[in-house]
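In what follows, a single structure is set out as structure tokens and then discussed.
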Amino acid sequence: SVERSFIAVKPDGVAKGLIGEILKRYEQKGFRVVALKQLVPTKELAEKHYEEHKERPFFGELVSFITSGPVVAFVLEGKGVVAAARLMIGVTNPLLSNPGTIRGDYAIEVSKNIIHGSDSVASAEREIALWFKTEELLQ
Ligand code: CMP
């Protein structure tokens with residue numbers, strides 16, 4: 001069924017010049033970009049986004065990294081996009097991500113893994129509402 005997913009190119013992905021490459025992969029796959037913006041996330045936004053990792057030892061590092069520079073946030077729409085976008089991203093650890101995936105091709109460190117993608121339809125709904133106003137999304 002037609003779903004929406006929240007994707008963010010993290011500061012390391014932007015610094016490596018990967019915005020175009022990442023958008024190109026999703027566009028060519030056939031997903032529709034229904035919202036897109038670049039911003040330096042506030043600490044408040046970052047803490048809400050990573051709320052499920054609040055108790056992890058790396059939470060502070062995670063928040064300081066994601067707020068360290070510009071992030072390109074976008075929303076994709078299409079059939080099965082939540083799971084498909086994650087398959088195209090690879091697994092959390094870039095060294096275990098298959099070649100051909102975004103992390104498999106462009107990253108090494110788990111803490112600098114280039115991109116975020118929603119892990120479920122429920123997470124996508126929460127994250128889209130956190131990062132975007134309703135009027136920033138195409139119908
Ligand atoms: P992401 O998919 O954005 O969601 C949670 C993030 O936590 C994950 O990507 C990693 O970048 C980060 N992460 C996971 N494990 C560790 C770790 N051991 N040390 C630092 N960051 C981590």
Side-chain angles (χ1 to χ4, degrees):
S1 59
V2 177
E3 301 169 350
R4 287 183 170 189
S5 188
F6 172 74
I7 311 290
V9 182
K10 300 182 186 183
D12 56 327
V14 175
K16 277 187 163 175
L18 293 172
I19 301 167
E21 172 63 28
I22 289 167
L23 284 169
K24 178 182 167 187
R25 290 183 182 211
Y26 288 124
E27 284 191 292
Q28 291 188 341
K29 174 76 174 169
F31 294 128
R32 177 177 176 237
V33 179
V34 294
L36 176 70
K37 65 181 169 187
Q38 181 169 226
L39 71 161
V40 179
T42 61
K43 188 164 182 259
E44 186 190 11
L45 173 59
E47 286 176 347
K48 282 185 188 159
H49 175 76
Y50 282 128
E51 169 173 276
E52 67 175 301
H53 300 296
K54 211 164 39 193
E55 307 306 326
R56 306 275 193 109
F58 56 83
F59 182 71
E61 185 192 330
L62 195 53
V63 169
S64 72
F65 173 64
I66 200 79
T67 58
S68 68
V71 165
V72 172
F74 57 98
V75 177
L76 295 176
E77 181 183 84
K79 186 176 174 183
V81 68
V82 172
R86 296 267 294 188
L87 279 177
M88 291 169 69
I89 287 170
V91 298
T92 302
N93 184 344
L95 289 179
L96 301 178
S97 294
N98 288 321
T101 64
I102 294 164
R103 288 174 179 160
D105 289 348
Y106 301 118
I108 291 173
E109 301 287 343
V110 74
S111 57
K112 291 190 177 149
N113 61 8
I114 303 283
I115 184 168
H116 166 85
S118 304
D119 65 6
S120 65
V121 171
S123 297
E125 284 171 1
R126 187 187 76 87
E127 292 166 0
I128 291 166
L130 192 58
W131 288 77
F132 289 95
K133 298 173 191 163
T134 312
E135 59 266 30
E136 291 178 316
L137 301 161
L138 296 180
Q139 291 283 315

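- Aromatic ring orientation, Trp131 versus His49: perpendicular (interplanar angle above 60°, classes split at 30° and 60°).
- No side-chain heavy atom of Phe31 sits less than 4.5 Å from a side-chain heavy atom of Ile7.
- A donor-acceptor contact shorter than 3.5 Å links the side chain of Glu136 to the backbone of Lys133.
- Taking 4.5 Å as the limit, some side-chain heavy atom of Ile102 sits within range of a side-chain heavy atom of Tyr26.
- Note that OG of Ser68 and CD of Glu61 are 11.0 Å apart. Values are rounded to the nearest 0.5 Å.
- Linking Ile, Leu, Val, Met, Phe, Trp and Tyr whenever their side-chain heavy atoms come within less than 4.5 Å puts Leu39 and Phe132 in one cluster.
- Under the 4.5 Å side-chain contact rule for hydrophobic residues, Val75 and Val72 do not share a cluster.
- Of all non-hydrogen atoms in Lys10 and Val71, the two that sit nearest each other are CA-CG2, 4.4 Å.
- The structure places OG of Ser5 at 7.5 Å from CD of Glu127, a figure rounded to the nearest 0.5 Å.
- A donor-acceptor contact shorter than 3.5 Å links the side chain of Lys16 to the backbone of Tyr106.
- At a threshold of 4.5 Å between non-hydrogen side-chain atoms, the residues Leu36 and Leu23 count as touching.
- In this structure, Leu138 places its CG atom where more than 12 heavy-atom neighbours from other residues, nucleotides or ligands lie under 6.0 Å away.
- Listed for the Arg4 side chain is no donor-acceptor partner under 3.5 Å among the backbone atoms of Ala124.
- When each of Glu51, Glu44, Glu52 is tested with Lys48 by the rule salt bridge (charged side-chain N to carboxylate O under 4.0 Å, His left out), just one qualifies, namely Glu44.
- The main-chain N or O of Val34 is never found under 3.5 Å from a side-chain atom of Glu77 such that the two would form a donor-acceptor pair.
- One hydrophobic cluster, built from ILVMFWY side chains closer than 4.5 Å, holds both Val81 and Met88.
- To the nearest 0.5 Å, atom CZ of residue Phe58 and atom OG of residue Ser111 are 9.5 Å apart.
- The two residues Thr67 and Pro41 come nearest to each other via the heavy atoms CG2-O, 3.3 Å.
- In this structure, NZ on Lys24 lies 12.5 Å from CD1 on Ile22, to the nearest 0.5 angstrom.
- Within the 3.5 Å criterion, the main-chain N or O of Ile114 finds a donor-acceptor partner in the side chain of Asp12.
- Hydrophobic clustering keeps Phe6 apart from Leu87 (ILVMFWY residues linked when any side-chain heavy atoms are closer than 4.5 Å, directly or through intermediates).
- Under a cut-off of 6.0 angstrom, the local environment of CD in Gln139 is sparse, with at most 12 non-hydrogen atoms contributed by other residues, nucleotides or ligands.
- Listed for the Asn113 side chain is a donor-acceptor partner under 3.5 Å among the backbone atoms of Thr92.
- The minimum heavy-atom distance linking Pro11 with Ile66 is given by the pair CG-O, 3.7 Å.
- Between the CZ atom of Phe59 and the NE2 atom of His53 there is a distance of 9.0 Å, given to the nearest 0.5 Å.
- Gly90 approaches Arg103 most closely through the heavy-atom pair O-NH1, 3.8 Å.
- Without hydrogens or angle criteria, Asp105 side chain to Pro99 main chain gives no donor-acceptor distance under 3.5 Å.
- Between His116 and Tyr50, the ring planes are perpendicular. Angles over 60° get that label, and only those under 30° would be called parallel.
- Summarising the geometry, atom NZ belonging to Lys54 is positioned 13.5 Å from atom CG belonging to Leu62; distances are rounded to the nearest 0.5 Å.
- Clustering ILVMFWY residues whenever any of their side-chain heavy atoms sit less than 4.5 angstrom apart, transitively, puts Val14 in the very cluster that holds Val33.
- Nearest heavy atoms, Lys112 versus Ala107: O-CB, 3.7 Å.
- When every heavy atom of Pro94 is checked against every heavy atom of Glu109, the shortest pair comes out as CG-O, 3.4 Å.
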